[in-house]
Amino acid sequence: MALVASGDRSAYEALYARWSPSTFTFLLRRTGSRARAEEALQETWLRIYRYRSSFQPGKKFAPWVFAIAANAGRDARRPEPGLLHLEGEASDETDLRDRLVAGLHHLDPIDRRLLLLAVQGFTSTEIGEMVQVNPGAVRMRLSRARASLREVLGGSDA
């Protein structure tokens with residue numbers, strides 16, 4: 001990231017190649033739409049470049065990137081409720097994924113963000129640093145978000 005901050009375009013391209021797949025997956029889950037996720041991904045990487053000098057050397061890169069992606073995803077339009085259906089049983093993996101995305105959008109936006117960061121593999125401490133909440137509160141909200149998601153999905157273990 002220090003090279004990117006100094007204007008090294010190849011370092012920026014290397015970071016993009018390394019981190020864009022996971023940020024896209026995160027944004028797809030956050031927005032519920034491939035088109036919105038693609039737009040938010042572009043916005044994320046535009047912001048990373050624009051604010052490259054604000055990255056603090058010695059800090060972890062992943063929390064910084066995902067905080068930017070979370071904000072870009074929040075700024076993307078939310079899916080229209082009519083497009084999200086939860087009726088019926090999941091007949092295959094795609095249907096289950098669609099139901100899960102729809103279920104995520106029934107959660108409180110903050111809880112959804114916490115849950116998606118946890119799915120990305122961040123610890124409650126790292127998530128707390130990103131959203132400025134203590135780790136105990138993060139764990140409590142994650143527990144409630146998982147329970148709500150199970151309820152919305154009809155009690156399945158998805």
Side-chain angles (χ1 to χ4, degrees), residues 1 15-16 18-51 54-56 59-158:
M1 191 58 204
L15 278 178
Y16 180 84
R18 162 70 175 88
W19 289 96
S20 66
S22 58
T23 53
F24 177 74
T25 300
F26 172 76
L27 289 164
L28 183 59
R29 291 175 180 145
R30 184 153 173 84
T31 63
S33 160
R34 178 171 281 287
R36 289 185 191 108
E38 288 170 353
E39 289 174 19
L41 181 67
Q42 290 176 7
E43 181 62 26
T44 296
W45 286 94
L46 179 65
R47 290 177 186 182
I48 287 169
Y49 191 78
R50 184 180 300 142
Y51 301 113
S54 70
F55 178 76
Q56 298 173 357
K59 293 277 189 171
K60 289 185 176 182
F61 182 67
W64 188 70
V65 168
F66 280 91
I68 292 171
N71 289 333
R74 181 196 64 222
D75 295 344
R77 264 188 29 224
R78 289 184 55 161
E80 297 177 25
L83 299 176
L84 301 174
H85 302 287
L86 290 175
E87 302 88 31
E89 291 297 314
S91 59
D92 60 13
E93 188 175 313
T94 302
D95 187 41
L96 178 59
R97 185 186 64 232
D98 292 345
R99 292 180 71 235
L100 183 57
V101 168
L104 285 170
H105 286 279
H106 282 80
L107 297 177
D108 173 81
I110 294 170
D111 290 346
R112 180 174 54 245
R113 179 179 180 192
L114 297 178
L115 190 58
L116 291 174
L117 289 169
V119 167
Q120 285 298 130
F122 291 104
T123 66
S124 57
T125 301
E126 292 170 326
I127 294 169
E129 289 173 7
M130 285 187 256
V131 299
Q132 300 171 341
V133 173
N134 88 40
V138 169
R139 286 188 294 275
M140 180 185 66
R141 289 194 76 144
L142 284 171
S143 177
R144 280 196 240 154
R146 287 180 181 116
S148 294
L149 188 58
R150 274 191 294 276
E151 185 178 317
V152 166
L153 293 174
S156 71
D157 290 332

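- For Tyr16, the ring-ring contact (aromatic ring centres under 6.0 Å, His included) partners are Trp45, not counting sequence neighbours.
- Annotation: side-chain hydrogen bond (donor to acceptor under 3.5 Å, both in side chains) contacts of Gln120 (sequence neighbours excluded): Arg29.
- With a 6.0 Å radius and a threshold of 12 heavy atoms from other residues, nucleotides or ligands, Arg50 has its CZ atom above the threshold.
- The neighbour count for Leu46 CG, taken as heavy atoms of other residues, nucleotides or ligands under 6.0 Å away, is above 12.
- Shown here are the ring-ring contact (aromatic ring centres under 6.0 Å, His included) partners of Phe26, two or more places apart in sequence or in another chain: Phe66.
- Across Ala40 and Ala72, no two heavy atoms sit closer than the pair O-CB, 3.6 Å.
- Taking all atoms of both residues into account, the shortest heavy-atom contact from His105 to Arg112 is CA-NH1, 3.4 Å.
- Using a 4.5 Å heavy-atom cutoff, the side chains of Ile48 and Trp19 are not in contact.
- Considering only residues two or more places apart in sequence or on other chains, Tyr51 meets the ring-ring contact (aromatic ring centres under 6.0 Å, His included) condition with none of them.
- Residues passing the side chain to side chain contact (heavy atoms under 4.5 Å, CB included) test with Gln42: none are found, sequence neighbours excluded.
- For Glu43, the salt bridge (Lys or Arg N to Asp or Glu O under 4.0 Å) partners are Arg47, not counting sequence neighbours.
- Evaluation of the salt bridge (Lys or Arg N to Asp or Glu O under 4.0 Å) rule for Glu126 yields Lys60 as partners, not counting sequence neighbours.
- Taken from CG in Leu153 to CG in Leu104, the straight-line distance is 8.0 Å, to the nearest 0.5 Å.
- Listed by chain and residue number, Ser124, Thr125, Arg139 satisfy the side chain to side chain contact (heavy atoms under 4.5 Å, CB included) test with Pro135 (two or more places apart in sequence, or in another chain).
- Taking CG of Leu28 as the reference point, atom OG of Ser33 lies at 8.0 Å (rounded to 0.5 Å).
- Applying the side chain to side chain contact (heavy atoms under 4.5 Å, CB included) criterion to Ala118, with sequence neighbours excluded, gives Ile127, Leu142, Arg146.
- One finds the OG atom of Ser143 at 11.0 Å from the CG atom of Leu115 (value rounded to the nearest 0.5 Å).
- Asn71 meets the side-chain hydrogen bond (donor to acceptor under 3.5 Å, both in side chains) test with Arg74; sequence neighbours excluded.
- Here the closest non-hydrogen pair linking Pro63 and Phe122 is N-CE2, 3.9 Å.
- A search for salt bridge (Lys or Arg N to Asp or Glu O under 4.0 Å) contacts involving Arg141 returns Asp108, Asp111, not counting sequence neighbours.
- Leu114 is listed as a side-chain neighbour of Val131, based on a closest heavy-atom distance under 4.5 Å.
- Summarising the geometry, atom CZ belonging to Arg30 is positioned 13.0 Å from atom OG1 belonging to Thr23; distances are rounded to the nearest 0.5 Å.
- The shortest heavy-atom contact between Thr31 and Ala37 is OG1-N, 3.5 Å.
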